[in-house]
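Below is one structure, written out as C-alpha cells; the observations come after it.
Just so we're clear, the structure is a prediction, and the values are computed from it rather than from any experiment.
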Amino acid sequence: QVQLVESGGGLVQAGGSLRLSCAASGRPFSTYVMAWFRQAPGKEREFVTAINWSGGSTYYTNSVKGRFTISRDNAKNTVYLQMNSLKPEDTAVYYCAADQSFERLHTWGLGDYWGQGTQVTVSS
C-alpha cells in the first residue's frame, strides 16, 4: 500500500504561482511513476503530467506545457507540481496518483493509488 497526501493548494490570482506537494508513505516510492490529475467542477478528471521513477522523463498535457513543472525527490518520498502563469481555467481539485505503468496513468487515467486532492482556485 502507498498513501498519498497532497498539499499546497489555495486561492491565487491569474498569473500567479502555486507549488503542490504530494507526500508518499508505504511501499518504496521510487518504484512508481507519479502523476498529477485535475478535476474541474462539472468536468471529468483529466491527466496533467507524469514523471518516471528517476525523474529523468516527464510528460505534460498541452494546456500546461511551459507553465507547469513536475519533479520528485525520492529521498523525501515527495512529488511536486510547480504551477506558474496560472489561469482561471486551471481551477480544479488536483490529485496525485501512483502506478507502475505510465500508460495506465496517461492513457487510461488509472492509478494504483490516489491522494485525497487539493483545491486550486485561480481568480481572474
Side-chain angles (χ1 to χ4, degrees):
Q1 285 281 54
V2 174
Q3 293 78 42
L4 303 175
V5 179
E6 302 97 334
S7 61
L11 174 64
V12 64
Q13 287 188 333
S17 298
L18 281 175
R19 188 195 197 200
L20 306 184
S21 299
C22 174
S25 60
R27 297 186 67 181
F29 172 76
S30 62
T31 64
Y32 288 90
V33 178
M34 299 298 297
W36 288 95
F37 289 78
R38 65 186 180 186
Q39 187 168 20
K43 295 187 177 181
E44 293 187 355
R45 186 174 62 199
E46 68 168 338
F47 172 90
V48 176
T49 179
I51 188 167
N52 74 335
W53 69 273
S54 69
S57 180
T58 58
Y59 185 89
Y60 298 91
T61 194
N62 285 339
S63 62
V64 307
K65 282 182 181 177
R67 299 189 298 122
F68 290 13
T69 303
I70 188 172
S71 61
R72 67 190 295 163
D73 185 337
N74 288 340
K76 295 183 178 180
N77 289 351
T78 302
V79 62
Y80 303 99
L81 182 62
Q82 178 67 44
M83 305 186 294
N84 298 328
S85 302
L86 282 161
K87 304 175 181 180
E89 52 263 45
D90 295 318
T91 295
V93 177
Y94 283 71
Y95 299 90
C96 69
D99 201 273
Q100 301 281 1
S101 167
F102 170 80
E103 182 177 6
R104 276 172 46 87
L105 289 164
H106 171 250
T107 304
W108 304 106
L110 300 174
D112 283 340
Y113 305 103
W114 293 85
Q116 83 289 348
T118 186
Q119 177 71 46
V120 171
T121 303
V122 184
S123 64
S124 58

For a quick check under 3.5 Å, do T78 and D73 share a side-chain donor-acceptor pair by atom type?
no
Shortest non-hydrogen contact from V93 to G117?
CG1-CA, 3.8 Å
Atom CG of N77 and atom SG of C22: how far apart are they, to the nearest 0.5 Å?
10.0 Å
Quick one: OH on Y59 to NZ on K65, what's the gap to the nearest 0.5 Å?
5.5 Å
To the nearest 0.5 Å, tell me how far Q82 CD sits from S21 OG.
9.5 Å
Worked check of side chain to side chain contact (heavy atoms under 4.5 Å, CB included) between D90 and R67
CA-CA 11 Å; D90 295 318; R67 299 189 298 122; 2.7 Å; yes
Checking the side chain of T91 only, and the main-chain atoms of T121 only, is there a donor and an acceptor separated by less than 3.5 Å?
no
Quick check for you: to the nearest 0.5 Å, what is the distance between D99 atom CG and L110 atom CG?
7.5 Å
Verify, without hydrogens or angle tests, whether Q1 (side chain) and G26 (backbone) share a donor-acceptor contact under 3.5 angstrom.
no
Which ILVMFWY residues are connected to M34, directly or by a chain of links, through side-chain heavy atoms under 4.5 Å apart?
V2, L4, V12, L18, L20, F29, Y32, W36, V48, I51, Y60, V64, F68, I70, V79, L81, M83, L86, Y94, Y113, V120, V122
Is it the case that the side chain of T31 and the backbone of P28 share a donor-acceptor pair, with hydrogens and angles ignored and the cut-off at 3.5 Å?
yes
Tell me the closest heavy-atom pair linking S30 and W53, and the distance in Å.
O-CB, 2.9 Å
State yes or no: are the ring centers of Y95 and F37 separated by less than 6.0 Å?
no
N/O donor-acceptor pair under 3.5 Å between W114 side chain and G111 backbone
yes
Please report the interatomic distance CZ(R104) to CD(Q100), rounded to the nearest 0.5 Å.
9.5 Å
Would you check if the side chain of N52 reaches a backbone N or O of T58 as a donor-acceptor pair within less than 3.5 Å?
no
Taking atom types as modelled and ignoring hydrogens, do the side chains of Q13 and S123 form a donor-acceptor contact shorter than 3.5 angstrom?
no
Report yes or no: does R45 contribute a side-chain atom to a donor-acceptor pair with the main-chain N or O of R38 at less than 3.5 Å?
no
Correct closest heavy-atom pair for A14 and S124 would be CB-CA, 4.4 Å
Point-to-point distance, once rounded to the nearest 0.5 Å, from NE2 of H106 to OG of S101
11.5 Å
